[in-house]
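These notes are about the structure you will find just below.
Note that the structure is a prediction, hence the values are computed from the model and not measured. Order of appearance sets the numbers: ligands from 1, and atoms from 1 within every ligand.
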Amino acid sequence: MESTLRRTWAEIDLDALKHNYKTLRALTGEKVKFLGVVKADAYGHGAVEVGSTLQTLGCDYLAVSSLDEAMELRHGGITMPILILGHTPAEQVGKIMELGITQAVTCKAKADEYSAEALRCGGTLKIHIKVDTGMSRLGYLCDGGHFDTGVAGICEACNLPALEAEGIFTHFAVSDEEDEESIAYTKKQLALFHRVIEAVEGQLGRKFPLHHCANSGAVALHSDSYMDMVRPGILLYGCGPQAAKLGLIPVMTLKTTISTIKTYSAGTDISYGRRYTTARTTRMGVLPYGYADGFMRVLSDRCALMTDGGAAPQRGRICMDMSMIDLTDLPTVQVGDEVEVFGRRASVNDLAAAAGTIPYELVCSVSRRVPRMYMENGAVIKRELLLRM
Ligand SMILES: *Cc1c(COP(=O)(O)O)cnc(C)c1O
């Protein structure tokens, strides 16, 4: 590896992605279609690379959160169906249709706006109806007393002249949690989703080609929720509490290097705020990895990073561009050695727990100045720096 690369970088193992995809497909079965969620730059892994790999593997659908993300995929040569899960302003409907993208429709106001704009543009917008069965975010509210109005609203949207309802979906709030109450809540959401589908299809006199609801938690824990298509994100990347149990492999390994090692006497204050004071003669490594790279400052003095000699405790406040690790008990570790922040040897789940967050946030926080190195068959096939040059 060239010296310029020896700072901080993310290795994206496309073989691991392939393994995870195939493992999940084997789990969900041949008859179930597969939508790969690649929003937020494929959870920090690189949307075009991940999307292209999934397209080659025969994945059926991709999902993103915005038109910009969908456009990035199209410009990157991805031709497969793409669903926008989030909000798109009505003015952009023409662009969505031009690019052959599918839009989620979450309420009457959106359905009306989208249909009117699609009519104006002289086309038909392909949509998936989103049902709120208990996530309480976006979607037609159908719980309890809202059932009839929810169903009527969905039917009205499906009958609008310029909308083509290809799918209907819902999203789970606690499908990744294994306690009894969460399992019951997910079952309740699923049952309501089935009732909504039955009522809507009964009134419309036709069936949606695609019914889907299973996010990663449901793929792992609720096989009765697969329906026509599953919709996992985090499991594809080999992260989250169920990934290891399913035999999935982390796709991203975030690495940095030791740029400098200094030895301090006991009683030396380390970094901003003088929050850590050495208790003994301390051999301290400086890493070119700080919060601007995605090393959350809340992790200061609360984590350890993996060296070839073992885990090294992080010491002192994490700075914008640098941080320190204690190498006193790791005498074999030298300047230039690689340090794994998270990946196969150091689980991102553990680092996320130390930060009081979830692995999703850590992989999404790897900033754009961290180059992505795409690996296939153990070799780097592409290096991508996201900075504008
Ligand atoms: C993000 C998202 C997913 C994927 O969630 P994971 O927990 O990563 O599997 C699925 N569906 C919707 C609507 C989402 O927003």
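Salt-bridge formation is not detected for the pair Glu113/Lys110: no Lys NZ or Arg NE/NH1/NH2 atom is positioned less than 4.0 Å from an Asp or Glu carboxylate oxygen. Here Asp321 pairs with Arg369 in a salt bridge; the nearest charged N to carboxylate O distance falls below 4.0 Å. Under 4.0 Å is where a charged nitrogen must lie from a carboxylate oxygen, and between Asp293 and Arg7 at least one such pair does.
Defined by atom type and a distance below 3.5 Å, a donor-acceptor pair is missing between the side-chain atoms of Thr253 and Glu11.
Residue Thr332 comes nearest to Gly309 through the heavy atom pair OG1-CA, 4.4 Å, listed as atom of the first residue, atom of the second, then distance.
For ligand 1, the 4.0 Å heavy-atom shell takes in Val37, Lys39, Tyr43, Leu85, Lys130, Arg137, His171, Asn215, Ser216, Arg231, Pro232, Gly233, Ile234, Tyr360, ordered by chain and residue number.
Cation-pi geometry between Arg317 and Tyr276 is not met at under 6.0 angstrom from the ring centre and within 45 degrees of the axis.
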